[in-house]
Amino acid sequence: MSLLIPVLIDTDANNEIDDQHAIAYALFSRNHLEVVGITVNNTPLGKGIQGHFDEAERVVRLCGCEDQVKVFKGAEKNFSDIAPRIQDSTFDGKEAVDFIVDQAKVERETPLVLIPIGKLTNIALALTVAPEIREKVRIVWLGSNYPDKGEYNLIADPESVNVVLESRAPFEIVTVRYVETTGSAAVRITKDAIQRGMPGLGPQVKAVEGRHGGQFKCFGDYSVNLFENFPRDPWSLFDVVAVAVVKDPTLGEYSEINVPRLDQQVWLHGSPQTFKVGMWEQFNSEGVIEDLFDTMKYQI
C-alpha cells in the first residue's frame, strides 16, 4: 500500500454546503489521506468563528472521527488586522496557527498538504510566524477566478494571498471561475442526486443535532438535510474538488505559471520568475462526484 498523504484542512465550515462535504470526503478517504487536524477561520457568511468551529466539529462527530481528528479555532479577522500582534503571547487565530506550525514541523516522508478551502489568513499567519515551514508544506488552495479577478475566498482576505505567494512555499490554486466551465464551479450536483445517493451513508454514531435542527446519526442523512435547507439547486462542489485533486491528481488538469501578485484583486505579472505556482482546472466532474459517493460508502 502506498504512503498516506498527510493533510490538514483549513476551512470556513459554516458558509454553504460544500465545506462539510469536503471535510467528510477527506475523513473517509482513509486509504489515501491522513487528516491530521482541521483549522477554521471566519468569513462574512459564517456567523463568527464559533459558528465555523461548531459546524466543523459537528461533521467530525457525524463521521465518527472525534477521537482521532481535532478542530482548532483560527482567525476571526484578516491578516492585516492580526499581523501587528503576532509576537504577542496571544493573538487572533493563535490556536490554529500554532497547530499548523507544529504539524508542519513533524518529520514525515512526504510534505504536509495544507488544504485551505476558505480565506488564506491562517496559512499566511503561520508562514509569517514560522517562515521555515515553507520547506515542509504543500499548499492547495480552493480560491480565485484566475486569471480574472474576484471570488469569495480571495475577496475575504486578499492580503493573505500575497503573503502566501511571497513566502515561496509550494502553492497550487484550484480555480473557481463561477461562470465558466473550466473551474471547480463546473463540478455541480443536484439535490435529487443527493437525496437518492446519500441517505444512510457513513458509520452510525450517537445522534448529533444538525445545523438546521433535527438529530442525525450519520453524515449521509445530514448531507440530505443540508441540501434540503439550501436555496440553490444544483450547487457546485468547490471545496470537494480541492480535496479530490490531492487524493487523485487525474481528476483535474495541472499546469504551472510564473508567480503572480494581487493588486486591488486584479492578478498582475511582472518579469518572468523562476518560482512557479500550480494551477488546477478542467476538472472531471463525473469522476469527482463518483468518487465522492464511493468514498462516503466507506465504513470506519
Side-chain angles (χ1 to χ4, degrees), residues 7-27 35-63 65-66 68-82 90-101 103 114-126 139-143 151-161 164 174 176 184 208-214 216 219 222-223 225-227 229-232 235-243:
V7 302
L8 187 156
I9 307 294
D10 184 69
T11 179
D12 48 353
N14 202 38
N15 279 350
E16 285 140 347
I17 51 178
D18 47 305
D19 310 80
Q20 298 93 329
H21 289 77
I23 294 171
Y25 179 47
L27 291 173
V35 180
V36 303
I38 297 168
T39 54
V40 297
N41 58 66
N42 179 46
T43 51
L45 298 180
K47 299 182 180 179
I49 195 68
Q50 189 65 45
H52 295 293
F53 178 84
D54 291 344
E55 184 69 357
E57 275 213 325
R58 180 179 292 118
V59 173
V60 171
R61 288 161 56 204
L62 281 163
C63 293
C65 295
E66 66 271 25
Q68 298 85 39
V69 178
K70 301 303 179 184
V71 182
F72 299 85
K73 288 183 182 178
E76 179 94 40
K77 297 180 180 179
N78 287 353
F79 181 84
S80 60
D81 302 312
I82 302 169
T90 60
F91 60 85
D92 180 12
K94 188 176 190 303
E95 180 179 276
V97 171
D98 286 350
F99 180 73
I100 293 168
V101 171
Q103 284 297 315
L114 305 177
I115 310 181
I117 49 177
K119 66 181 185 179
L120 281 167
T121 312
N122 288 337
I123 309 299
L125 290 167
I139 304 165
V140 182
W141 176 48
L142 185 283
E151 191 275 322
Y152 181 81
N153 293 339
L154 182 151
I155 293 171
D157 191 357
E159 184 172 350
S160 68
V161 180
V164 173
V174 179
V176 175
S184 59
V208 176
E209 183 176 353
R211 177 178 176 180
H212 304 287
F216 302 91
F219 181 80
Y222 184 53
S223 167
N225 180 260
L226 287 170
F227 271 84
N229 283 277
F230 196 69
R232 301 182 191 176
W235 182 247
S236 300
L237 294 174
F238 308 105
D239 299 340
V240 171
V241 176
V243 176

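Computed from a predicted model, the values in this text were never measured in an experiment.
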Mind checking whether [X] and [Y] have side chains closer than 4.5 Å, heavy atoms only?
X	Y	answer
Val69	Ile38	yes
Asp12	Lys119	no
Leu120	Asp157	no
Lys73	Gln50	yes
Trp141	Ile123	no
Asn153	Phe238	no
Phe91	Val97	yes
Asp10	Asn41	yes

Distance check, rounded to the nearest 0.5 Å: [X] atom [atom1] versus [Y] atom [atom2]?
X	Y	atom1	atom2	result
Thr11	Ile117	OG1	CD1	3.5 Å
Phe72	Asp98	CZ	CG	10.0 Å
Ile9	Ile115	CD1	CD1	4.0 Å
Ile82	Ser160	CD1	OG	10.0 Å
Glu16	Leu226	CD	CG	11.5 Å
Phe227	Ile17	CZ	CD1	3.5 Å

Work out which heavy atom in [X] is nearest to a heavy atom in [Y]; give both atom names and the distance.
X	Y	answer
Gly48	Glu76	CA-OE2, 3.5 Å
Ala96	Gly74	CB-CA, 3.4 Å
Ser236	Ser184	CB-O, 4.1 Å
Asn78	Thr121	C-CG2, 3.9 Å
Ile23	Ala13	CD1-CB, 4.3 Å
Ile100	Ala126	CG2-CB, 3.7 Å

Distance-only, no hydrogens or angles: does the [X] side chain make a donor-acceptor pair with backbone N or O of [Y] under 3.5 Å?
X	Y	value
Asp92	Lys77	yes
Asn14	Asp54	no
Asn122	Gly93	no
Tyr222	Arg211	yes

Show your working on side-chain hydrogen bond (donor to acceptor under 3.5 Å, both in side chains) between Thr43 and Asn15 and close with a plain yes or no. CA-CA 8 Å; Thr43 51; Asn15 279 350; 2.9 Å; yes

Indicate whether the side chain of Asn42 and that of His52 have a donor and an acceptor atom separated by less than 3.5 Å. yes

Should the ring pair His21 and Phe219 be called parallel, tilted or perpendicular, given that the plane angle runs from 0 to 90° and is split at 30 and 60?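 Perpendicular, since the angle between the ring planes exceeds 60°.
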
Candidate pair Val208 and Glu66, rule side chain to side chain contact (heavy atoms under 4.5 Å, CB included), full reasoning: CA-CA 12 Å; Val208 176; Glu66 66 271 25; over 6 Å; no

